[in-house]
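Labels below follow one simple rule: chain letters A, B, ... track the order of the sequence lines, proteins then strands, and each chain is numbered from 1.
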There are 2 protein chains.
Amino acid sequence: MTNDMMVADEGRGEAGTGTLGKAIAVLEAVVTADGPQRFTDILARSGQPRGTLHRLLSHLVEEGLLIQRRDLSYEPGLRLLTLAYRSWSANRFRDVAEPHLQRLHELTGETVHLGILRETEIVYVDKVESRQTVRMSSQIGKASPAYCTGIGKAALSLLAQPVLKHVLARTAFHPFTSHTHRSAATLLAEVEEIRRDGHAFDCEEHEAEIRCVAAPIAIPGSELAAGISVTGPAYRVSMEQLVAWAAPVREAARAIAEEAAIRLGPGRGGP
Amino acid sequence: MTNDMMVADEGRGEAGTGTLGKAIAVLEAVVTADGPQRFTDILARSGQPRGTLHRLLSHLVEEGLLIQRRDLSYEPGLRLLTLAYRSWSANRFRDVAEPHLQRLHELTGETVHLGILRETEIVYVDKVESRQTVRMSSQIGKASPAYCTGIGKAALSLLAQPVLKHVLARTAFHPFTSHTHRSAATLLAEVEEIRRDGHAFDCEEHEAEIRCVAAPIAIPGSELAAGISVTGPAYRVSMEQLVAWAAPVREAARAIAEEAAIRLGPGRGGP
DNA sequence: AATCAAGTTCCAAATAATGGAACAAGTCAT
DNA sequence: ATGACTTGTTCCATTATTTGGAACTTGATT
């Protein structure tokens, strides 16, 4: 047992939580793969011994978290979708934020996102878009690196210095575009600015030709850092435009935080 | 040990999965509750002993499947949403079906659903709607009883008689409206008709003032039964209209099944 | 100060997980 | 066909994890 340093390891699929951790790691291995996975594929991916893996997979199938096809390969099961649906539709924070996102969309005409920081990533929890294709909602649940997205950097600015350092230590600075931060050093400086200004920009750091302006929201009652953003294509949204939108974005974030504080309650005499 | 629950099962029972089963049961207890759950709430809901439950909860929190708020209550975590996002967006069957759903929507102007049977429920996997509110996509992942929905009954008609019997034995016939089936007997007769006709109707059996026509799809490569439907409000969609739409719905289902057989077929499913 | 409720920790005993190895069941190239 | 391989499944003695009752905090209430 290696539970002494349980703070240290959790980022990827390795077990920190005994049996459950292994099972979820295997589940994730199947879910993140692109296509049905045969037993041997998962064996290689997960590093578990044959016997163990076989039992783990049967259990996951029995629970409806995986489905076994006729050719014996494994696919994600429907139970995951149902569990996620329930937790999404019961998410009170998203519920509070939604009208504010809508308003921001009407003001700007561009796409508005709500995201929450989880480890080193931003998970998108809601989205309001102009031309709504069926695809659009697919974004919900998507995770992007925090260090190169507007909401991500905004959310990072809420963290206490030691926590922030810890997150950055676990971040892999992948150079998505020529504007992407290459190291913690430059990012730390920017986060300091963001903390002062109350808003963050993303100038094609994650995707070329995509810009956004974001503001942080501390979710009352939990330790979570969240944020909202207005995003648009570079050809349509100038930097001047983004700067002009910063104030309304900050104001929406403030309003959400305030309303959430009332509706989700402070819980107890917390900080 | 309190093994009362796991005794009665034959083939497709639950809680036979040792530790994982218990963990997921606890997770589900939190996720299906409406609001943050305190330790004692979950203790009552889950029936686990204090010590066990406490460890289970810590593990779930450590895995990101639950979040513990400052007031110590538990909420669904973001990991669930991310896992579901990945499995949804990589679902090849949905991908194949989508253009057909779109076409059906253009033809009818009404809402089109894609659902898959899981145990006794239909899980909605995709939806094409006319007036798209942000809400709409919330339906994805939602589960409704099979016995009183169009897609549900259509999917049931694909099952072999003994399997069907087994599913119905586990179904609770809740009387949602005055049109809802009250017992397996009448339902069995209707499923027989559906098998003959190739399509199913839902005349306000689940929700008052809501009607639909559906057709079954057997997903190639797996044992799954699925279906598509066109749904509309009773005031706008007459029974005659539904009958007229039955043929195109059947045709779309057939086309999806055919294309899926090629693209997900017995051969490799890889990229 | 005493009582009660909610949450956490402890630890010997029980049980479920472990994983190496043997065993089937296909595939493919002689 | 035959034998060499690859892939998936089962077995089972060993081991480590889970189990769960009870004791222990913590904090609010009377």
Side-chain angles (χ1 to χ4, degrees), chain A residues 1-4 6 14-27 29-30 33 35-63 66-75 221 265-271, chain B residues 1-7 13-27 29-30 33 35-63 66-75 221-222 266-270:
Chain A
M1 62 177 102
T2 55
N3 278 356
D4 304 327
M6 59 184 183
E14 292 311 315
T17 29
T19 310
L20 178 65
K22 272 176 200 152
I24 301 297
V26 168
L27 176 61
V30 175
Q37 297 288 291
R38 295 192 317 276
F39 182 85
T40 327
D41 300 331
I42 308 171
L43 189 64
R45 249 170 186 271
S46 70
Q48 297 291 336
R50 300 169 73 80
T52 302
L53 179 62
H54 194 264
R55 180 175 34 77
L56 245 29
L57 286 169
S58 333
H59 284 177
L60 287 166
V61 167
E62 216 175 313
E63 287 296 328
L66 289 180
I67 288 171
Q68 188 161 26
R69 292 159 47 94
R70 273 203 274 268
D71 65 358
L72 302 183
S73 61
Y74 296 87
E75 277 183 332
R268 236 174 268 268
Chain B
M1 287 270 284
T2 57
N3 280 355
D4 306 329
M5 303 195 233
M6 49 167 113
V7 186
E14 303 192 45
T17 38
T19 310
L20 177 65
K22 273 176 199 151
I24 301 296
V26 168
L27 176 61
V30 175
Q37 297 287 291
R38 294 193 317 276
F39 182 83
T40 327
D41 301 331
I42 307 171
L43 190 63
R45 248 169 186 272
S46 71
Q48 297 291 335
R50 300 170 75 80
T52 302
L53 180 62
H54 194 263
R55 180 176 34 79
L56 245 30
L57 286 169
S58 334
H59 284 178
L60 286 166
V61 167
E62 217 176 310
E63 286 296 328
L66 290 179
I67 288 170
Q68 187 161 26
R69 292 160 47 95
R70 275 203 276 266
D71 65 358
L72 303 184
S73 61
Y74 296 87
E75 277 183 330
S222 58
R268 281 293 292 135

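No side-chain N or O of A/Gln37 forms a donor-acceptor pair with one of A/Tyr74 less than 3.5 Å apart.
Listed here is the closest heavy atom pair of A/Val26 and A/Ser46: CG2-CB, 4.4 Å. Contact record, A/Pro49 with A/Leu43: C-CD1, 4.2 Å, taken as the closest heavy-atom pair. Considering every non-hydrogen atom in both B/Glu75 and B/Pro36, the closest pair reads OE2-CG, 4.0 Å.
Considering only side-chain atoms of B/Tyr74, the nucleotide from C/dT8, D/dG8, C/dA17 that sits closest is C/dT8. Between D/dT9, C/dG7, D/dT7, one nucleotide has an atom nearer to the side chain of A/Gln68 than all others, and that is D/dT9. For A/His59, the listed nucleotide lying nearest its side chain is C/dA17; candidates were C/dA17, D/dT18, C/dG7.
Look at NE2 on A/His54: it is 16 Å from C1' on D/dC12, rounded to the nearest Å. Across the protein-nucleic acid pair, B/Leu20 atom CG and C/dT15 atom C1' stand 16 Å apart, rounded to whole Å. Rounded to an integer number of Å, the gap from B/Leu72 CG to D/dG27 P is 10 Å. In this entry the distance linking CD of A/Glu62 with P of C/dA17 reads 11 Å, nearest Å. As a whole-Å value, the separation of B/Gln37 CD from C/dG7 C1' is 16 Å. The nearest whole Å value for the distance from the CG atom in A/Leu56 to the P atom in C/dA16 is 16 Å. Computed from coordinates, the A/Leu57 CG to D/dT7 C1' distance equals 14 Å when rounded to whole Å. Between B/Asp41 atom CG and C/dA6 atom P there is a gap of 9 Å when expressed in whole angstrom units.
To the nearest 0.5 Å, the span separating CD on B/Glu63 from CG on B/Leu60 amounts to 8.0 Å. Between atom CG of residue A/Leu66 and atom CD1 of residue A/Ile42 there is a gap of 7.0 Å, rounded to the nearest 0.5 Å.
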Side chain to side chain donor-acceptor pair (under 3.5 Å) assessment of B/Thr17 paired with A/Glu62: CA-CA 7 Å; B/Thr17 38; A/Glu62 216 175 313; 5.4 Å; no
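Listed for the A/Arg45 side chain is a donor-acceptor partner under 3.5 Å among the backbone atoms of A/Ala29. Panel note: side chain A/Thr52, backbone A/Gln48; no donor-acceptor pair is recorded below 3.5 Å.
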Extract from the structure each pairing of a protein N or O with an N or O of nucleotides 19-29 of chain C at less than 3.5 Å, listing the distance.
residue, atom, partner, partner atom, Å
C/dG19, OP2, A/Thr52, OG1, 3.4

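At least one side-chain nitrogen or oxygen of B/Thr19 sits closer than 4.0 Å to the OP1 or OP2 atom of C/dA17.
For the helix from C/dA1-D/dT30 to C/dT30-D/dA1, the rotation axes defined at the first and last 5 base pairs enclose an angle of 30°, given to the nearest 10°.
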